[in-house]
S.K.: 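Sharing a structure here in structure tokens format.
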Amino acid sequence: NNLYAVDIMEEAVEICKLRLFLKLAAQVKPNAASDNLGIEPLPDIDFNIRAGNTLVGYATKEEVRRCMKELGGGQMKLMDDEELGGFARFNTRCADVEQAFAKFRQLQTEGDGSVPHADKMELQKRLRTLEEELNRHLAGEYGVKVSDKVAYAKWLKSHQPFHWFIQFYGILNGGGFDVIIGNPPYVVNTPEKVPYEIRERLFATYPSKNLYAFVFERSLQLGDPNAAVGMIVQLTALSAEKMSSLQDLLLHRGSLVASAFPRRPESIFDGVEMPVTILISRSSSPTLHTTRVNRFYTEERPSALAAMGFAQHSVRLHGHRIAKIGSPVGVDIYRKVESQKGVLASLTSAASKHVLYYQEACRYWVKACVGLPFFRRNGERMPPPHGRTLYFRDANSCAFAGCLVNSTLFYWFYSAFSDCEHINDALIRDFRIPSESSPSDWVALEKRLAASQKRYARRKTILTKQGHKIEYDEMDAPQSKTIFDEIDTVLAGQYGFTEEELDFILNYDIKYRLGRDAETEED
């Protein structure tokens, strides 16, 4: 009466049923004095766990009503009295099937729990009749002629339409599901990756071009207006520009709770190499609660969720970067940074000899330096790949930028607003800086940092699969932590941080940055 599920893979559906049965059987204590050891017949859950395409099919009464006034090719016409009556008759037939289904359920829970096989077959037959009627309507919307049996069969196989309105009529007609959870596919919506067509007009999240956003939106359509909807999705849902439509949808609906899990040092799910976020949406007054980036080692996984902290805020940078901040002190630090008048880009120049290099890939330390780092391929010096450069107007500005980007303050900022895998150019260029941001000692401080990085660097040589000989300096960033702390202390004075806020920055992720999985340049 309470658990329902849909998956596009029939094998997944069968495994789900089996696991439910095994879990149910495991709760039973055998009684040798009773018939069949006291074990009651297992319930029939074929109508609970269904195979089909969540994204293709008619989900709600409104969608079914609309489909019955549409013509092929997307043309529309007003419903006349006969057509309105046609929908009413279809709705009545759905209600009749639901009544038969209720009787089917009653037979399961009364007496010995057995249901005549013929009753089940009749119920399935009536559902198939309704399903086929809607399939014909839907095929017309896709421009597929039902009369062309080959084309129609091919469309059915590729699209696997699932009509929630008839398969779960009692629930959808009663307002929708109370709670919906899921782990939707993380698949970019292209013809090469998705063998079926998703109609753009049905999804406000269509610009995201990812199935997980569509599934989230569909879930909101299937839920009761006050339903709690929770999905495990990619961490980029909180930072990618293309995900702004999903963010808009969830933030406008009401409260959103977001917990963030990168893939280093360990993923939240054993064996899953994917940064993820768990998003929980509720219909209420608009509020946003987030965690910080949650890192942990394998042995800490069982207690990882219990150790999370949440902060309420409304920070959304660039219109698509929801801040991953998990405490009030983090919110206060962001407010002080954001209140500054200048941005780092104001110190840059179109071209100059003062260049800052930074690597796009990042884990526990931002890899940046004034000037180009050592990199040689097949004996020839060249700029390292997968990196970017910024040019500054003078040596002091460039030194300040080098210290800032290497600071733990910027690493915290990167963690809060990125995908925890890559540094976006806008994160650096738009970083807020104080108006008086270049005291005379930045050059000296940056030189000390560069000397420390060089001192602890190790020259590495590798051979690529393409046969190239690569030589580069592998950095050991943790060895320079003392200088990083000096930089952050100077920055704290410029941004007006309290002692508590400075302590928060100095020790942010320190367990993992200095721990057994400390990052190197090779990583």
Side-chain angles (χ1 to χ4, degrees), residues 239 241 315 317-321 323 333-362 365-373 375 383-384 386-418 422-454 475 477 480 483-497 501-502 505-506 508:
S239 61
E241 185 174 3
V315 179
L317 186 67
H318 298 156
H320 62 270
R321 301 181 188 274
I333 289 173
Y334 171 77
R335 297 299 182 198
K336 289 182 178 179
V337 172
E338 186 64 15
S339 68
Q340 305 304 316
K341 303 300 182 182
V343 293
L344 191 61
S346 66
L347 305 179
T348 61
S349 172
S352 76
K353 64 180 181 179
H354 308 293
V355 59
L356 174 72
Y357 169 88
Y358 68 92
Q359 191 165 313
E360 293 174 293
C362 185
W365 303 87
V366 179
K367 304 160 192 172
C369 61
V370 172
L372 295 179
F375 185 88
H386 311 299
R388 294 197 178 198
T389 54
L390 285 174
Y391 296 93
F392 288 84
R393 63 194 185 195
D394 54 50
N396 218 37
S397 298
C398 191
F400 167 74
C403 290
L404 174 65
V405 175
N406 275 289
S407 69
T408 303
L409 172 62
F410 185 81
Y411 169 78
W412 167 81
F413 184 80
Y414 148 83
S415 299
F417 292 103
S418 77
H422 307 90
I423 298 177
N424 184 278
D425 188 56
L427 286 179
I428 291 183
R429 299 182 65 88
D430 294 347
F431 192 89
R432 297 276 185 168
I433 60 174
S435 299
E436 301 296 329
S437 57
S438 299
S440 58
D441 59 353
W442 279 122
V443 171
L445 192 54
E446 191 282 324
K447 284 183 176 180
R448 289 176 54 212
L449 173 60
S452 176
Q453 290 175 324
K454 184 177 181 180
M475 309 304 294
S480 303
I483 300 178
F484 291 140
D485 288 352
E486 286 188 52
I487 293 171
D488 281 299
T489 301
V490 175
L491 290 171
Q494 292 199 344
Y495 284 95
F497 293 164
E501 291 163 352
L502 173 58
I505 290 297
L506 295 180
Y508 186 78

S.K.: As an exercise, state the distance from SG of Cys403 to CG of Leu491, rounded to the nearest 0.5 Å.
M.R.: 8.0 Å
S.K.: Quick check: closest heavy atoms across Leu427 and Phe410, and the distance to 0.1 Å?
M.R.: O-CE1, 3.7 Å
S.K.: Got Phe413 and Leu404 here, is their nearest side-chain heavy-atom distance under 4.5 Å?
M.R.: no
S.K.: Looking at Leu409, is its backbone amide N or carbonyl O close enough to the side chain of Asp488 to form a donor-acceptor pair, meaning the two atoms are under 3.5 Å apart?
M.R.: yes
S.K.: Determine the interplanar angle of the Tyr334 and Phe417 rings, folded into 0 to 90°, and report it as parallel if under 30°, tilted if 30 to 60°, perpendicular if over 60°.
M.R.: tilted
S.K.: Quick check for you: to the nearest 0.5 Å, what is the distance between Asn424 atom CG and Tyr414 atom OH?
M.R.: 11.5 Å
S.K.: Tell me the closest heavy-atom pair linking Ser397 and Phe392, and the distance in Å.
M.R.: O-CD2, 4.0 Å
S.K.: Please give me the minimum heavy-atom distance between Pro373 and Cys369, naming the atom from each residue.
M.R.: CD-SG, 3.7 Å
S.K.: Output all residues satisfying side chain to side chain contact (heavy atoms under 4.5 Å, CB included) with Ala399, sequence neighbours left out; order by chain, then residue number.
M.R.: Trp442, Val443, Glu446
S.K.: Return the set of residues passing side chain to side chain donor-acceptor pair (under 3.5 Å) with Tyr495 (not counting sequence neighbours), or none when no residue passes.
M.R.: none
S.K.: Taking the side chain as C-beta and beyond, is there a heavy-atom pair between Tyr358 and Asp425 under 4.5 Å?
M.R.: yes
S.K.: Any side-chain heavy-atom pair from Val337 and Phe431 closer than 4.5 angstrom?
M.R.: yes
S.K.: Any chance you could measure Asn406, atom CG, to Ile483, atom CD1, to the nearest 0.5 Å?
M.R.: 10.5 Å
S.K.: Keeping Asp441 on the side-chain end and Ala444 on the backbone end, is there a donor-acceptor pair under 3.5 Å?
M.R.: no
S.K.: Give me the one residue out of Thr348, Val355, Leu347 that meets side chain to side chain contact (heavy atoms under 4.5 Å, CB included) with Tyr391.
M.R.: Val355
S.K.: Among His422, Arg388, Lys367, exactly one meets side chain to side chain donor-acceptor pair (under 3.5 Å) together with Glu360. Which residue is that?
M.R.: Arg388
S.K.: Tell me, do Leu344 and Arg429 make a side-chain contact under 4.5 Å, heavy atoms counted?
M.R.: no
S.K.: Starting from the C-alpha separation in whole Å, work towards a yes-or-no answer on side-chain contact (heavy atoms from CB on, under 4.5 Å) for Ser480 and Leu449.
M.R.: CA-CA 7 Å; Ser480 303; Leu449 173 60; 4.2 Å; yes
S.K.: Using 0.5 Å steps for rounding, measure from the CD1 atom of Ile333 to the CG atom of Leu502.
M.R.: 8.5 Å
S.K.: For Val370 and Gly402, which heavy atoms make the closest approach, and how far apart are they?
M.R.: CG2-CA, 4.4 Å
S.K.: So does Arg448 get a backbone contact from the side chain of Ser452, meaning a donor-acceptor N/O pair under 3.5 Å?
M.R.: no
S.K.: In Å and rounded to the nearest 0.5 Å, what is the OG to CD distance from Ser435 to Gln494?
M.R.: 10.5 Å
S.K.: Is it true that, when you exclude Phe375 itself, more than 12 heavy atoms of the residues, nucleotides or ligands shown sit nearer than 6.0 Å to its CZ?
M.R.: yes
S.K.: Looking at Lys336, is its backbone amide N or carbonyl O close enough to the side chain of Gln340 to form a donor-acceptor pair, meaning the two atoms are under 3.5 Å apart?
M.R.: yes
S.K.: Once you round to the nearest 0.5 Å, how far does OG1 of Thr408 lie from CZ of Phe484?
M.R.: 7.0 Å
S.K.: side-chain contact (heavy atoms from CB on, under 4.5 Å), that's the test. Do Ile433 and Ser346 meet it? Break it down for me.
M.R.: CA-CA 9 Å; Ile433 60 174; Ser346 66; 4.3 Å; yes
S.K.: Looking only at heavy atoms, what is the nearest atom pair of Arg432 and Val343, with distance?
M.R.: CD-CG1, 4.1 Å
